[in-house]
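All remarks here apply to the structure that follows.
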Amino acid sequence: QVQLVESGGGLVQAGGSLRLSCAASGRPSSYYAMGWFRQAPGKERERVATISWNGGTTYTADSVKGRFTISRDNAKNTMYLQMNSLKSEDSAVYYCAAGQGPSTLATTYKYWGQGTQVTVSS
């Protein structure tokens with residue numbers, strides 16, 4: 001089992017940048033595919049980006065492609081989401097998730113962090 005803690009959220013102006021981090025503890029993160037998901041008020045949870053256990057396979061949602069980059073450092077048991085050119089519609093609670101299985105399958109993700117709020121002011 002793995003425990004996940006997100007950090008790096010906050011308030012930023014449109015066009016700005018933030019970097020989210022997800023620290024994993026318990027079993028080494030290299031066992032797991034990992035991903036970032038987000039949920040805005042009144043909306044369904046959206047898959048933002050995912051990354052395979054070795055970083056070899058990544059997925060980025062069309063809505064953030066070219067602006068967000070997912071990465072991981074297994075030596076530090078940490079995953080990152082670099083968010084650039086932020087827009088007001090990126091405002092949401094961002095969740096880190098992990099699981100064993102293909103990183104591209106939504107059903108892979110069994111473990112979830114508590115979330116970190118990202119608010120983009122226009």
Side-chain angles (χ1 to χ4, degrees):
Q1 191 157 340
V2 63
Q3 293 79 43
L4 305 170
V5 178
E6 304 96 336
S7 62
L11 174 65
V12 63
Q13 288 189 331
S17 298
L18 283 174
R19 188 175 82 154
L20 304 184
S21 298
C22 173
S25 61
R27 213 173 181 191
S29 64
S30 57
Y31 280 89
Y32 299 97
M34 299 184 76
W36 290 99
F37 297 74
R38 67 186 182 186
Q39 188 165 21
K43 295 187 176 181
E44 292 192 355
R45 187 171 62 196
E46 176 188 9
R47 181 175 51 162
V48 176
T50 61
I51 188 165
S52 60
W53 70 274
N54 63 354
T57 301
T58 61
Y59 161 85
T60 307
D62 287 344
S63 57
V64 303
K65 196 165 290 184
R67 301 187 297 120
F68 290 13
T69 302
I70 189 170
S71 63
R72 67 191 295 165
D73 184 341
N74 285 341
K76 296 181 178 180
N77 287 326
T78 303
M79 175 181 65
Y80 306 97
L81 185 68
Q82 178 66 44
M83 305 187 295
N84 298 328
S85 302
L86 283 160
K87 305 176 181 179
S88 57
E89 51 263 43
D90 295 319
S91 296
V93 177
Y94 283 70
Y95 297 93
C96 167
Q100 291 182 293
S103 59
T104 51
L105 291 183
T107 53
T108 286
Y109 298 95
K110 306 297 185 186
Y111 306 103
W112 294 83
Q114 294 298 306
T116 185
Q117 177 72 47
V118 171
T119 304
V120 184
S121 62
S122 56

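Since the structure is predicted, the reported quantities are computational estimates derived from the model, not experimental observations. Heads up: numbering here begins at 1 and tracks the sequence.
For the residue pair E89 / S63, no side-chain donor-acceptor distance below 3.5 Å is found, with atom types taken as modelled.
Residues G115 and V93 share a closest heavy-atom pair of CA-CG1, 3.8 Å. For the residue pair S17 and Q82, the shortest heavy atom distance occurs at CB-NE2, 4.0 Å. Across every non-hydrogen atom of F37 and A97, the tightest pair is CE1-CB, 3.8 Å. Heavy atoms only, all atoms of each residue included: A98 and V2 are closest at CB-CG1, 4.2 Å. When all heavy atoms of G101 and A33 are compared, the closest pair comes out as O-CB, 3.6 Å.
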* **Worked verdict on F68 versus W36 for side-chain contact (heavy atoms from CB on, under 4.5 Å)** => CA-CA 11 Å; F68 290 13; W36 290 99; over 6 Å; no
* Asked: When you look at M83 and D90, which way does the side-chain contact (heavy atoms from CB on, under 4.5 Å) test go after all the steps?
  -> CA-CA 9 Å; M83 305 187 295; D90 295 319; over 6 Å; no
* L81 and R38: CA distance, side-chain angles, deciding distance, side-chain contact (heavy atoms from CB on, under 4.5 Å) verdict -> CA-CA 12 Å; L81 185 68; R38 67 186 182 186; over 6 Å; no
* Candidate pair V120 and K87, rule side-chain contact (heavy atoms from CB on, under 4.5 Å), full reasoning -> CA-CA 6 Å; V120 184; K87 305 176 181 179; 5.6 Å; no
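Two residues are said to be in side-chain contact when any heavy atoms from C-beta on lie closer than 4.5 Å; T50 and T108 fail this criterion. Taking 4.5 Å as the limit, some side-chain heavy atom of L4 sits within range of a side-chain heavy atom of M34.
Atom OH of Y32 is separated from atom NZ of K110 by 12.5 Å, given to the nearest 0.5 angstrom. Note that OH of Y80 and OG of S7 are 9.0 Å apart. Values are rounded to the nearest 0.5 Å. One distance of note links CD of Q100 with CH2 of W53; it measures 12.0 Å at 0.5 Å rounding. Rounded to the nearest 0.5 Å, atoms CZ (R67) and CG (L86) are 6.5 Å apart. Here the CG-CG distance, from N74 to N54, works out to 8.0 Å after rounding to the nearest 0.5 Å. The CE atom of M79 sits 12.5 Å away from the CG atom of D73 when rounded to the nearest 0.5 Å.
A salt bridge links K65 with D62: the distance from a Lys NZ or Arg NE/NH1/NH2 to an Asp or Glu carboxylate oxygen falls below 4.0 Å.
A distance-only check finds a donor-acceptor pair linking the side chain of Y109 to the backbone of S103 [under 3.5 Å]. In this structure, the side chain of R47 engages the main chain of T104 through a donor-acceptor pair within 3.5 Å. Of the possible donor and acceptor atoms, none in the side chain of Q114 sits under 3.5 Å from a partner among the backbone N and O of E6.
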